[in-house]
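To start, the structure itself, in structure tokens.
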Amino acid sequence: MTARMEQRFADVAAEGRPVLVTYFMGGDPDFDTSLAIMKALRQAGADIIELGVPFSDPMADGPAIQLAGQRALKAGQSLAKTLELARLFRAEDQRTPIVLMGYYNPIYIYGVERFLADALEAGVDGLIVVDLPPEMDDELCIPALEKGISFIRLATPTTDDRRLPKVLENTSGFVYYVSMTGITGSALPDPSLIAGAVARIKAHTPLPVCVGFGVKTADHARAIGASADGVVVGTAIVNQIASSLTEEGRATEATVPGVEALVRGLAAGVRAARLAAAE
Amino acid sequence: MNQPPKPNSFRSGPDEEGRFGIFGGRFVAETLMPLILDLQDEWARAKNDPAFKAELENLGTHYIGRPSPLYFAERLTAELGGAKIYFKREELNHTGSHKINNCIGQILLAKRMGKTRIIAETGAGQHGVASATVAARFGLPCVVYMGATDVERQAPNVFRMKLLGAEVKPVTAGNGTLKDAMNEALRDWVTNVDSTYYLIGTAAGPHPYPEMVRDFQAVIGEEAKQQILEAEGRLPDLVVAAVGGGSNAIGIFHSFLDDEGVRIVGVEAGGKGLDGDEHCASLTAGSPGVLHGNRTYLLQDGDGQIKEGHSISAGLDYPGIGPEHAWLNDIGRVEYVPIMDHEALEAFQTLTRLEGIIPALEPSHALAEVIKRAPKMGKDEIILMNLSGRGDKDIFTVGKILGMGQ
């Protein structure tokens, strides 16, 4: 795990609240706006930033993130430019962990060794690669860990106790619990089920457990944050961006402030989570 | 590309992890991993279960109509003036293509696993029809994902699927072809993983699909080998099949892979030519990458974004290929060549007029290659081609291009 990731979890834990992890698609709707969005996320109280890498065939994503990826690709976004976004953000903020999230093929084509060197240089702390299960750890996970970049694994409701140790074996940074089987952007399941699932995972690992898929409002963030170490919000942010664009998909004056306002609310939600847990 | 060492047998793959050399594997979301491992176990058990084999054979004989005939194309042979041309008549199977071989096998597995819902992707609609057919036969609900472009150009098959009780969901993402349908089917599967069996139609996707689909289709080559030995007393000199994902091709190739004297040729969709992006020749013009659960040759740009491709034939309109073909290409056992849209179209008409067989546009690609090669071969030489599907579904597409009818 990078020192930056460890420090952020420690600092937030000292505040007695869960972390807020925010996802957005790099390059959506264009490079400059998405850099401004990335900075706004932090301003608004995001603790960790998941930076989406667009891919032409996002098999595990719902319509919102598919469209965000298409907008980004149309505007010329690439893996190299996504690394550039990370580098520009890192030049101004040395403390907020950046996790790249996407699919394997762009990384494979970029070249794993070259990618890891460039990601490290750009200040990337972790990777979430949706289509690399533990069975494929030799591809990227092990080389990333050797370079000191966290490989964050998704655990799902189908990950039973038999499989959980395998999933957690090479996971570092945090565990991302996907609170339902399904694609990104589906509905939020019952918080009590989530609490049980988080407890089940924590019985197997000392790593923080962050929960995502379906978190849309400050209330959701507060409810999930009562049992999890962190709350991941993605589709709600991507939808907020989409709703602010012109018909041609261009940014407007409302784009960046809209994201900032949404994330301020979510940040207030996670900050209320400790109180909710104590009640 | 480094030439990997030649194996003792070309028929021993894949390894435990589903790899054919560097190709294949299991590149899927964690949600699907437990299910894929269950499927692998169930497939391993079924393979060695005499009851499973017996049921498969029984349905093969009485439902599909196996063995399919081996037909000597006398007039085509005379016209071309070279090698003797034999067709393995998979288009005479129930539902009109080789796809049913695999669907029967997989639906028996789905039943064994207690699944209650079938999903499938389809390009030309042949696999969709075969899936809808076995779902009806076994009383399971079936959803077929089909690109919106393909829904339009393969209208007769859409109607057949609906009549069979399947729900056809048009996919508008991308170019609205097979790749996009597969993405959408994977999204459905991730969402409904407990109840749903994903009936993949080609020898691609995450392990164990490429191996399993091949094994269900290998009956084509096993029969053909026996039939050609009976007819000619020897093996063919050349075996030819069209390759989209590659299930009909691997089905007929597999039995001949270790027969040194048999040349094997896979025919890719050259579309409008390999210079631009309007083709689907992933082996001839693509490079290795990771998509839809496996590493294989793909049409992609320098950033690893997958291209859309183009083919006149919806069944070949896919920017990738099964991983075993990728491996057979790299070790040099099978030669892969492109055939253009217009060549396939000519071959389609030639066969229709000379033999009274309307082939699908997919095997018309294989046929175009046969038409090129046969005249250059001796009259004592033998070509075996997989006539994998019938062309009823394509008559409107072809009619439109030829300006017939409307």
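Throughout, a chain's letter reflects where its sequence line sits, starting with A, and its residues are numbered from 1.
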Q. How would you list, in number order, the residues of residues 72-79 of chain A that have a heavy atom less than 4.5 Å from chain B?
A. A:Leu73, A:Gln77, A:Ser78, A:Leu79
Q: Go through the steps for B:Leu37 and A:Glu135 under the test side-chain contact (heavy atoms from CB on, under 4.5 Å), then give the verdict.
A: CA-CA 11 Å; B:Leu37 294 173; A:Glu135 279 72 9; 3.9 Å; yes
Q) In terms of heavy-atom proximity below 4.5 Å to chain A, should B:Leu35 be classed as side chain, backbone, both, or neither? A) neither
Q | Residue part contacting chain A, namely of B:Glu308, when any heavy atom lies under 4.5 Å | A | neither
Q) Is B:Glu30 reaching over with its side chain to a backbone N or O of A:Pro133, donor-acceptor style, under 3.5 angstrom? A) no
Q: Check whether any side-chain N or O of B:Arg187 sits under 3.5 Å from a backbone N or O of A:Asp61 as a donor-acceptor pair, and report yes or no.
A: yes
Segment of [X] engaging chain B (4.5 angstrom heavy-atom cut-off):
| X | result |
| --- | --- |
| A:Tyr104 | side chain |
| A:Pro54 | backbone |
| A:Val167 | side chain |

Q.
Using 0.5 Å steps for rounding, measure from the CZ atom of B:Arg26 to the CG atom of A:Leu132.
A. 13.0 Å
Q. Between CZ of B:Phe27 and CE of A:Met59, what distance do you get to the nearest 0.5 Å?
A. 11.0 Å
Q) Do B:Thr31 and A:Thr158 come within less than 4.5 Å of each other through their side chains, counting heavy atoms only? A) yes
Q | Contact winner vs chain A - B:Arg295, B:Met182, B:Lys307, heavy-atom pairs under 4.5 Å | A | B:Arg295
Q) If you tally heavy-atom pairs under 4.5 Å against chain A, which of B:Ala185, B:Gly25, B:Pro34 wins? A) B:Pro34
What residue in [options] has the most heavy-atom pairs under 4.5 Å with chain B?
| options | value |
| --- | --- |
| A:Pro58, A:Ala155, A:Pro134 | A:Pro58 |
| A:Asp57, A:Leu154, A:Val130 | A:Asp57 |
| A:Val129, A:Ile109, A:Leu67, A:Ile107 | A:Ile109 |

Q: For B:Leu291 and A:Phe55, run side-chain contact (heavy atoms from CB on, under 4.5 Å): C-alpha distance rounded to whole Å, both residues' side-chain angles, the deciding distance at 0.1 Å, then the answer.
A: CA-CA 11 Å; B:Leu291 179 71; A:Phe55 181 49; 4.1 Å; yes
(Q) How about CD on A:Glu84, more than 12 heavy atoms from neighbouring residues, nucleotides or ligands closer than 6.0 Å, or not? (A) yes
Q.
Tell me if the CD atom of A:Glu247 is crowded by more than 12 foreign heavy atoms within 6.0 Å.
A. no
Q: Looking only at non-hydrogen atoms, find the nearest pair between B:Arg19 and A:Met136 and report the distance.
A: NH2-CE, 3.9 Å
Q. Of all heavy-atom pairs between A:Ser56 and B:Lys179, which one has the smallest distance, and what is that distance?
A. O-NZ, 4.3 Å
Q | Derivation of the side-chain contact (heavy atoms from CB on, under 4.5 Å) call for B:Ile306 and A:Asn105 | A | CA-CA 9 Å; B:Ile306 311 303; A:Asn105 198 51; 3.7 Å; yes
